[in-house]
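Just so it is clear, the structure is predicted and the values come from calculations on it, not from any experiment.
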Amino acid sequence: MRQGRLRENRKNDMAGKKGCRLCGGRVLSSGICSECGFDNSKSDEKYHLNTYNEDGIRLHQGDCEEILNRRKPGRRPESRTRGKTKIRTQSNSQAQTQQKEQNKKTAKTKSTAKTQTKRFKWLRWLVVLFFLIEILDSVSVALEGVSEFWSDLKSGVQNVAVEFGFQADEEEYDDDGQNSETLSGRPERESWDENADGYVTIALEPGVYYVGYEIPEGTYQLECLNGSAGISIWNLADAESDSEYLILYSDAEQASYQEYMDGEECPWYELSSVLDLEEDMVLAVDSMSEDVWLTGEGAGMESLAEHEAQEESMEDCLLDTEETATAGVDFPTGVYDISISGDAPCAYVQIEKESGYYSGILLSEELEEYLRYPFEEGDTVTVTTYNEDTEVWLLPGW
């Protein structure tokens with residue numbers, strides 16, 4: 001029916017009777033379509049209608065509105081949809097911005113790490129270069145003095161062999177044409193003119209001897225006739241000089257050593273090499289025997305000087321057993337004789353200096369006194385006694 005109506009209206013249009021331009025329905029006198037409500041009074045120039053398929057199904061008013069309100073392809077979304085899209089777009093933009101910032105930070109961190117790695121590599125190579133320069137410098141200095149080094153080494157090894165009594169090899173240690181028989185290590189006895197004015201022979205008790213006061217300046221040899229002895233020699237005027245230490249064994253001690261060592265030769269002998277003792281030198285004798293002798297020729301006994309008087313505050317001082325006394329605090333500094341008394345006395349005296357050097361003295365009936373030990377500020381002394389009535393005293397040395 002609608003198709004027929006539509007064809008009829010079209011025929012009417014062709015006959016001069018106009019129907020609704022939208023749906024072909026009947027147009028009222030006001031120009032409004034009675035079917036779809038379209039205002040046909042408007043001109044075609046101001047109001048353009050899309051064409052419709054006249055062969056299709058005729059649309060009623062509701063179908064027309066649905067067609068008109070249907071979103072066409074490419075149509076912009078409504079404001080509410082645009083708002084959501086905008087918010088979503090802004091969120092994506094912030095994420096992109098944050099990602100860019102993160103990428104920048106990551107790139108900066110990597111750049112800093114690369115820079116630090118480069119600096120570390122340069123520093124490492126500089127350190128290596130520095131050590132190479134030091135090594136090359138040392139090698140050049142060593143090459144310049146290589147002949148002197150080997151000469152000193154040869155002499156040092158030879159002296160060690162002599163000092164400890166080892167048999168020197170004839171081919172390796174041929175000194176100025178002398179054969180190994182003269183370099184056996186056993187010191188030879190020096191010939192002294194006993195009638196010379198400066199000739200002396202002195203028995204040295206355990207203690208400290210100052211050259212120029214107890215021993216005249218001169219050239220001497222030390223000899224141990226009984227037991228053994230340790231001899232220390234140093235220079236008071238030269239604090240940086242090395243001290244010399246000698247070990248002397250009497251003939252009886254050497255024989256005992258050889259027996260204990262299954263015939264091995266004792267490296268220490270009863271006679272020392274020749275010593276040149278000068279002013280400001282000190283000689284300390286540690287021995288369980290009083291049979292240590294100094295023999296030689298020098299300035300003579302009449303050249304000896306007297307020690308200057310020590311402080312009046314120095315007096316006899318009894319050291320407490322198992323307690324530590326400090327020089328300059330518990331007793332005045334100075335030179336003291338360390339003495340022991342009592343019935344069958346026996347005590348061990350340990351002395352330690354601020355430099356860390358320490359010495360131990362065993363006092364008994366065989367060794368009742370150690371002479372002229374110098375106590376300096378801060379030196380400590382600790383006494384251990386082995387009998388109840390044993391007493392250890394410090395007595396002014398002069």
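With hydrogens and angles ignored, the 3.5 Å screen pairs a side-chain donor or acceptor of Asn40 with a backbone N or O of Phe38. The closest donor-acceptor contact from the side chain of Glu253 to the backbone of Ser228 lies at 3.5 Å or more, if one exists at all. Of the possible donor and acceptor atoms, one in the side chain of Ser34 sits under 3.5 Å from a partner among the backbone N and O of Arg26. Distance alone, capped at 3.5 Å, is enough to place a donor-acceptor pair between the Glu214 side chain and the Tyr210 backbone. A distance-only check finds a donor-acceptor pair linking the side chain of Gln221 to the backbone of Glu190 [under 3.5 Å]. A donor-acceptor pair is defined here as one N or O able to donate and one able to accept, closer than 3.5 Å; no such pair exists between the side chain of Thr390 and the backbone of Pro345. A distance-only check finds a donor-acceptor pair linking the side chain of Asp379 to the backbone of Glu376 [under 3.5 Å]. Although no hydrogens or angles enter the test, the distance criterion places no donor-acceptor pair under 3.5 Å between the side chain of Glu391 and the main chain of Ser341.
Summarising the geometry of Ala229 relative to Val292, their closest heavy-atom pair is CB-CG2, 3.7 Å, with the distance given to 0.1 Å. When all heavy atoms of Asp337 and Arg372 are compared, the pair lying nearest together is OD1-N, 2.7 Å. Residue Pro374 comes nearest to Val208 through the heavy atom pair CD-CG2, 4.2 Å, listed as atom of the first residue, atom of the second, then distance. For the residue pair Asp320 and Val383, the shortest heavy atom distance occurs at O-CB, 4.1 Å. Between Glu297 and Ala196, the shortest heavy-atom distance links the atoms OE2-CB, 3.5 Å. Heavy-atom minimum distance, Leu271 versus Glu223: CD1-CB, 4.0 Å.
In the hydrophobic clustering of ILVMFWY residues, with side-chain heavy atoms under 4.5 Å counting as a link, Trp393 and Leu367 come out apart. Hydrophobic clustering of Ile, Leu, Val, Met, Phe, Trp and Tyr side chains at less than 4.5 Å, counting indirect connections, unites Val392 with Val335. At a threshold of 4.5 Å between side-chain heavy atoms, the hydrophobic network of Ile, Leu, Val, Met, Phe, Trp and Tyr places Leu236 and Trp398 in one connected group. The cluster map of Ile, Leu, Val, Met, Phe, Trp and Tyr, joined by side-chain heavy atoms under 4.5 Å apart, puts Trp268 and Tyr245 in the same cluster. In terms of hydrophobic clustering, with Ile, Leu, Val, Met, Phe, Trp and Tyr side chains grouped at heavy-atom distances under 4.5 Å, Leu395 and Leu363 are assigned to different clusters.
Side-chain contact between Val381 and Val349: present, with at least one pair of heavy atoms (C-beta onward) separated by less than 4.5 Å. Side chains of Tyr220 and Val200 form a contact here, defined as non-hydrogen atoms less than 4.5 Å apart. In this structure, the side chains of Met281 and Ile233 come closer than 4.5 Å at one or more pairs of heavy atoms. Within the 4.5 Å cutoff, no side-chain heavy atoms of Leu294 are placed close to those of Thr201. Between Pro187 and Ser272, every side-chain heavy-atom pair lies at or beyond the 4.5 Å cut-off.
To the nearest 0.5 Å, atoms OG (Ser30) and CG (Asp39) are separated by 7.5 Å. Rounded to the nearest 0.5 angstrom, Leu248 CG and Asp291 CG are separated by 12.5 Å. Rounding to the nearest 0.5 Å places CZ of Arg186 at 14.0 Å from OG of Ser273. With rounding to the nearest 0.5 angstrom, the CD atom of Gln310 is 8.5 Å from the OG1 atom of Thr333. Asn387 CG to Cys346 SG: the interatomic distance, rounded to the nearest 0.5 Å, is 6.5 Å. Here Leu371 contributes atom CG and Ile338 contributes atom CD1; the two are 9.5 Å apart, rounded to the nearest 0.5 Å.
Within 6.0 Å of the OH atom in Tyr199, the count of heavy atoms belonging to other residues, nucleotides or ligands exceeds 12. Around atom CG of Asp280, more than 12 heavy atoms belonging to other residues, nucleotides or ligands sit under 6.0 Å away. When the shell of 6.0 Å around CD of Glu306 is examined, it contains 12 or fewer heavy atoms from other residues, nucleotides or ligands. For OH of Tyr358, the number of neighbouring non-hydrogen atoms (other residues, nucleotides, ligands) closer than 6.0 Å is 12 at most. Remark: Glu312 CD is loosely packed, at most 12 non-hydrogen atoms of other residues, nucleotides or ligands lying under 6.0 Å away.
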(request) Begin from the C-alpha positions of Glu244 and Trp234 and carry the test side-chain contact (heavy atoms from CB on, under 4.5 Å) through to its verdict. (result) CA-CA 6 Å; Glu244 183 178 1; Trp234 68 92; over 6 Å; no
(request) Any chance you could lay out the side-chain hydrogen bond (donor to acceptor under 3.5 Å, both in side chains) test for Gln258 and Glu264, step after step, and finish with the verdict? (result) CA-CA 5 Å; Gln258 292 176 357; Glu264 180 180 338; over 6 Å; no
(request) Go through the steps to decide whether Leu222 and Leu283 satisfy the test side-chain contact (heavy atoms from CB on, under 4.5 Å), and finish with yes or no. (result) CA-CA 11 Å; Leu222 294 170; Leu283 185 148; 4.2 Å; yes
(message) The test is side-chain contact (heavy atoms from CB on, under 4.5 Å); show your working for Thr219 and Leu275 and say whether it passes.
(response) CA-CA 6 Å; Thr219 303; Leu275 305 173; over 6 Å; no
(message) Does Asn235 form a side-chain hydrogen bond (donor to acceptor under 3.5 Å, both in side chains) with Ser241? I'd like the steps, not just the answer.
(response) CA-CA 7 Å; Asn235 194 326; Ser241 63; 5.4 Å; no
(request) Carefully, step by step, assess Ile202 and Trp293 under the rule side-chain contact (heavy atoms from CB on, under 4.5 Å). (result) CA-CA 6 Å; Ile202 306 172; Trp293 292 82; 5.8 Å; no
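Inspection of the Trp192 and Glu194 side chains reveals no N or O donor paired with an N or O acceptor under 3.5 Å. Side-chain contact annotation: Tyr209 with Glu205, donor-acceptor N/O pair under 3.5 Å absent. For the residue pair Thr324/Thr382, the side-chain donor-acceptor check at 3.5 Å is satisfied. No side-chain donor from either of Asn226 and Ser250 sits under 3.5 Å from a side-chain acceptor of the other. A donor and an acceptor atom, one from each side chain of Glu311 and Ser313, are located under 3.5 Å apart.
Ring planes of Tyr370 and Tyr373: tilted class, angle from 30 to 60°.
Between Phe331 and Tyr336, a ring centre-to-centre spacing shorter than 6.0 Å is recorded.
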